[in-house]
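Worksheet for the structure shown next.
Letters go in sequence order (proteins before strands), and every chain restarts at 1. As the structure is a computational prediction, the values presented were derived from the model and not from experiment.
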Amino acid sequence: MILKETENDQAGKRLTWSFYQQDDVVEIAKELIGKYLVTDFAAGKTVGRIVETEAYQGPEDQASHAFGNRYTERTKTMYLPGGHAYVYLCYGIHQMFNVVTGKDGVPHAILIRAIEPVFNTVLMLDRRGMKSVKPALGAGPGNVGKSLGFNTEHSGNSLLEPTSQIWIEDREEIIHQKQLIASNRVGVAYAGEWALRPWRFRLKDSPWTSKAKGLGE
DNA sequence: CGAATGATCGGCT
DNA sequence: GCCGATCATTCGA
C-alpha cells in the first residue's frame, strides 16, 4: 500500500532558476497550475498537483505583506530572489506556503491555495487526521500547508538547491488558458481596489480547488 | 512589555 | 450562514 504508492511516483523535471526569476508574478501564478509541488521531509515524501494559486505583486499590492516595501523579520523572506519558500502562520493555526518569485530584492510571492493529492495520500491523511481522501484534504491554503507538512521553519528554504526538501516539478502537462478560471482574491477585502484584481487562478472543473467565495467571479 | 490582529477552516445552527 | 479556535507578528507605550 504505502510501498506500492512509492513505486508509482513518477519523477518530473524540477523548475529552474530562470522560471522563478520572471518579472510577471501573475504570469507565473498561471503557469504554476498543473505543476507538482513536492515535499520530502523526514516523515516521507508527498506530492500534490497545484490546482489553485494567488499572486501577490510586491510593494505596490496593498494585499501583500510587503506592501509599501514593508520589511520585517517575517517578510524579509519575500525579498529573496525567486525560487524560495515563504511560509507564515495565519490566524494562529494555518501554515501558508508561498513561492517567492522575481529578482533579488523584489518581494513578489504566489500563495498555493489548493492541491490535488497525487502521492503518499496515507501520510497526507495522517497529517490532517482524516480517514479518507476527499477534496478537503488539499483545498484551501491552510490545508495545503498541513497535508504537505509545511511549517514556518521552512520559510526561506530554497526550492532549487539539490539538497532541498521542497521543490516544484514540471511533468510535461499542458494546461491551456481556457482551462483556467481567474477571479478576485480571497480574504483581502481590506486591500481596496487591489482586492478586485483577478489574480486568483484555478483549474476549471477540478473538484480539488477551494470553495471559499470571493466578491464575485 | 502588552494588546490587537489576521492572504482560514470546520463545526454547528 | 455564522462563530470560535489559537498564536506569531506587529506596533505602540
Side-chain angles (χ1 to χ4, degrees), chain A residues 25-26 28-30 32-33 37 48 50-80 82 84-102 106-117 124-157 181-202 206-217:
Chain A
V25 64
V26 175
I28 301 178
K30 289 190 222 172
L32 280 178
I33 304 283
L37 176 57
I50 298 171
V51 293
E52 184 173 339
T53 63
E54 214 163 71
Y56 287 86
Q57 188 173 91
E60 62 269 28
D61 180 358
Q62 204 179 143
S64 168
H65 291 162
F67 174 57
N69 272 317
R70 201 157 67 118
Y71 190 92
T72 66
E73 189 58 30
R74 178 178 64 157
T75 63
K76 67 180 183 186
T77 304
M78 299 177 75
Y79 294 82
L80 294 172
H84 286 84
Y86 170 48
V87 185
Y88 70 93
L89 186 70
C90 181
Y91 293 97
I93 304 173
H94 307 290
Q95 315 284 336
M96 312 278 266
F97 171 75
N98 298 249
V99 180
V100 176
T101 70
V106 181
H108 292 329
I110 298 166
L111 173 66
I112 305 302
R113 291 194 54 88
I115 52 127
E116 174 180 341
M124 293 171 69
L125 287 170
D126 186 50
R127 283 169 170 158
R128 289 293 315 280
M130 291 170 63
K131 291 261 162 75
S132 62
V133 176
K134 293 180 288 200
L137 183 56
N143 293 335
V144 171
K146 196 164 184 185
S147 58
L148 294 182
F150 285 109
N151 66 59
T152 52
E153 286 174 22
H154 302 127
S155 198
N157 283 16
I181 301 174
S183 54
N184 61 283
R185 294 174 294 178
V186 181
V188 295
Y190 59 87
E193 57 171 313
W194 292 92
L196 304 175
R197 299 284 172 129
W199 288 352
R200 173 192 181 201
F201 302 100
R202 65 208 145 99
S206 171
W208 305 100
T209 58
S210 68
K211 302 288 184 280
K213 284 196 175 145
L215 305 173
E217 304 272 309

Distance check needed: [N] [atom2] versus [X] [atom1], whole Å only.
{"X": "A:L111", "N": "B:dC9", "atom1": "CG", "atom2": "C1'", "answer": "14 Å"}
{"X": "A:M96", "N": "B:dG6", "atom1": "CE", "atom2": "C1'", "answer": "9 Å"}
{"X": "A:K134", "N": "B:dC9", "atom1": "NZ", "atom2": "P", "answer": "15 Å"}
{"X": "A:L137", "N": "B:dG10", "atom1": "CG", "atom2": "C1'", "answer": "15 Å"}
{"X": "A:Y56", "N": "B:dG6", "atom1": "OH", "atom2": "P", "answer": "13 Å"}
{"X": "A:H94", "N": "B:dG10", "atom1": "NE2", "atom2": "C1'", "answer": "9 Å"}
{"X": "A:M78", "N": "B:dA7", "atom1": "CE", "atom2": "P", "answer": "11 Å"}
{"X": "A:Q95", "N": "C:dT6", "atom1": "CD", "atom2": "C1'", "answer": "12 Å"}

Next item on the list: Could you let me know what B:dA3 is paired to, Watson-Crick or G-U wobble, both distances under 3.5 Å, or none if it's on its own?
Entry: C:dT10

Next item on the list: If a protein heavy atom is under 4.0 Å from the base, mark B; if only from the sugar-phosphate, S; if neither, -; do that for nucleotides 7-13 of chain C going 5' to 3'.
Entry: BSSSS--

Checklist line | A:E116 and A:S206: side chain donor to acceptor below 3.5 Å | finding: no

Note to self: We want to know whether A:T72 and A:T75 form a side-chain donor-acceptor pair, criterion being a heavy-atom distance below 3.5 angstrom.
What the structure shows: yes

Using atom types as modelled and distance alone, determine if a side-chain donor or acceptor of [X] lies under 3.5 Å from a backbone N or O of [Y].
{"X": "A:E52", "Y": "A:S210", "result": "yes"}
{"X": "A:T77", "Y": "A:Y86", "result": "no"}
{"X": "A:R128", "Y": "A:A136", "result": "yes"}

For a quick test of your reading: what N or O donor-acceptor pairs under 3.5 Å do the side chains of residues 54-61 of chain A make, sequence neighbours left out?
unit_1 : atom_1 : unit_2 : atom_2 : d
A:E54  : OE1    : A:Y56  : OH     : 2.7
A:E54  : OE2    : A:V186 : N      : 3.2
A:D61  : OD1    : A:A63  : N      : 2.9
A:D61  : OD1    : A:R185 : NH2    : 3.1
A:D61  : OD2    : A:Q57  : N      : 3.1
A:D61  : OD2    : A:R185 : NH1    : 2.6
A:D61  : OD2    : A:R185 : NH2    : 3.4

Check: When we call it a touch if two heavy atoms are under 4.0 Å apart, what does A:N143 touch: a base, just sugar-phosphate, or nothing?
Finding: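 The answer is sugar-phosphate, as A:N143 gets under 4.0 Å only of primed atoms, P, OP1 or OP2.
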
Notebook entry, point to check: Which one, B:dG10, B:dA7, B:dC9, comes nearest to the side chain of A:R128?
Noted result: B:dG10

Next item on the list: Using a 4.5 Å cut-off on heavy atoms from C-beta on, say whether the side chain of A:R202 contacts that of A:S183.
Entry: yes

Next item on the list: Could you tell me whether the phosphate oxygens of B:dG6, OP1 or OP2, come under 4.0 Å of any side-chain nitrogen or oxygen in A:Y88?
Entry: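 No, because none of the side-chain N or O atoms of A:Y88 sits under 4.0 Å from OP1 or OP2 of B:dG6.
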
Next item on the list: Output yes when at least one side-chain N/O atom of A:H65 is less than 4.0 Å from OP1 or OP2 of B:dA7, else no.
Entry: yes

